[in-house]
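Below, all heavy atoms of this structure are taken into account, side chains as well, without hydrogens, waters or symmetry copies.
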Amino acid sequence: MRILSLAAVLGVLIQPVGAQIVAPPTVDPGEAVAVALETPARAGLVLRVRPIGQEGLGTVIASHAVFEGAAQVALIAPARPGSYALELVAGERVLSRAALEVAAVALTLTAPAEVGPAQPFKVGVSGQRAPEDRIEIVRGSAVVVSVNVGEAASITLDAPDTLGRYALRYVDGASGAAMAETVLTVTAARAWLGASSVVSPGQTLRIEWYGPAGANHAIQIQRADGATVVERSLAGGTTRRGALSLDAPRTRGRYRLRYLDVRTGDVLSDQPLIVR
């Protein structure tokens with residue numbers, strides 16, 4: 001939140017004494033910015049970036065050497081939205097200042113509305129973020145899951161074991177404020193499968209699964225006509241969750257990957273599989 005306007009803060013600071021700098025007034029977080037110098041730079045100059053807060057100018061967060069004779073300096077805008085001052089300095093003497101506003105970019109979360117207990121699921125993040133920001137699953141006031149977002153376009157989380165309604169939040173790592181939020185419901189799931197939907201003939205297919213692992217339960221790859229091509233029994237399992245590998249059929253075509261009870265034929269989970 002901007003407490004003081006740029007004009008209010010910069011207006012009470014020392015007036016520039018030459019070597020004017022010119023920067024775009026507003027940029028996006030992390031954007032490449034070209035700062036122009038109205039007169040060619042002399043040796044020994046530095047362009048530095050300082051945030052503007054409630055108490056005025058903060059400590060320097062970035063410094064860029066200015067080459068002698070340069071007409072502009074390239075820098076990367078801060079990742080955090082807010083108000084900043086650019087300063088051209090010689091030693092500790094400030095020759096010129098310019099205002100720079102880093103605009104807030106809306107963040108959005110993309111995730112399934114419903115997942116099964118302990119089921120891995122992907123959360124997509126769009127918009128500017130910082131590696132120290134977090135994705136959290138929250139129930140009431142309790143944080144059940146918390147993972148740093150890093151640089152990846154999507155993050156894989158494991159759903160809570162307990163059924164119910166949760167909040168899935170994107171949390172600012174610096175302030176702790178929720179910047180985006182959606183609802184996540186953990187529902188009773190008989191079983192689920194997680195695997196690539198398109199593979200090459202004979203490729204080893206890694207399959208993550210969740211389910212009762214009953215005596216008659218198995219994971220199968222079936223042809224479109226229902227004939228079983230590959231089967232792996234889950235009988236004797238000691239957990240309700242695991243991973244296994246099957247070799248994809250060597251014949252190209254459309255198949256079904258299924259978790260089922262082979263005695264009753266009851267399909268507990270099903271997804272398409274294309275071999276091409």
Side-chain angles (χ1 to χ4, degrees), residues 1-109 124-135 148-153 155 169-180:
M1 177 183 297
R2 178 159 41 158
I3 306 300
L4 300 176
S5 70
L6 287 169
V9 173
L10 295 180
V12 299
L13 300 173
I14 65 170
Q15 297 299 311
V17 293
Q20 290 282 340
I21 56 177
V22 180
T26 304
V27 296
D28 291 333
E31 179 182 345
V33 181
V35 179
L37 307 178
E38 289 194 345
T39 57
R42 65 175 187 265
L45 300 185
V46 173
L47 182 69
R48 62 191 188 187
V49 183
R50 301 175 68 180
I52 298 174
Q54 187 172 6
E55 304 301 323
L57 289 175
T59 57
V60 175
I61 61 171
S63 296
H64 304 268
V66 181
F67 295 106
E68 183 175 3
Q72 69 176 27
V73 181
L75 58 86
I76 301 298
R80 294 287 178 195
S83 300
Y84 296 83
L86 303 178
E87 296 179 330
L88 186 66
V89 299
E92 289 303 314
R93 184 186 182 197
V94 179
L95 305 179
S96 178
R97 282 194 178 95
L100 183 70
E101 183 77 10
V102 179
V105 177
L107 275 160
T108 58
L109 293 176
V125 181
S126 63
Q128 185 65 36
R129 66 262 183 85
E132 65 270 23
D133 294 345
R134 305 185 300 277
I135 300 290
N148 282 7
V149 300
E151 301 293 342
I155 300 96
R169 294 176 179 167
Y170 186 101
V171 178
D172 184 291
S175 67
M179 302 171 68

Those residues that, when tested against Gln72, pass side-chain contact (heavy atoms from CB on, under 4.5 Å) (two or more places apart): Ala34

Show me, pair by pair, the donor-acceptor contacts under 3.5 angstrom made by side chains of residues 74-82, not counting sequence neighbours?
from  : atom 1 : to     : atom 2 : distance (Å)
Arg80 : NH1    : Asp133 : OD1    : 3.4
Arg80 : NH1    : Asp172 : OD1    : 3.3
Arg80 : NH1    : Asp172 : OD2    : 2.6
Arg80 : NH2    : Glu132 : OE2    : 3.1
Arg80 : NH2    : Asp133 : OD1    : 3.0

Of Val22, Leu86, Leu100, the residue whose pairing with Val35 passes side chain to side chain contact (heavy atoms under 4.5 Å, CB included): Leu86

Inter- and intrachain pairs under salt bridge (charged side-chain N to carboxylate O under 4.0 Å, His left out), touching residues 56-65, at least two apart: none

Residue pair Leu109, Ile135: steps toward the side chain to side chain contact (heavy atoms under 4.5 Å, CB included) verdict: CA-CA 9 Å; Leu109 293 176; Ile135 300 290; 3.7 Å; yes

Gap separating the OG1 atom of Thr59 from the CZ atom of Arg50, nearest 0.5 angstrom: 8.0 Å

Interatomic distance, Ile21 atom CD1 to Arg97 atom CZ [nearest 0.5 angstrom]: 9.5 Å

Main-chain N/O of Ile52 paired with Ser83 side-chain donor or acceptor, under 3.5 Å: no

Ser63: partners by side-chain contact (heavy atoms from CB on, under 4.5 Å), with sequence neighbours left out: Val46, Arg48, Val60

Ala62: side-chain contact (heavy atoms from CB on, under 4.5 Å) partners, not counting sequence neighbours: Val49, His64

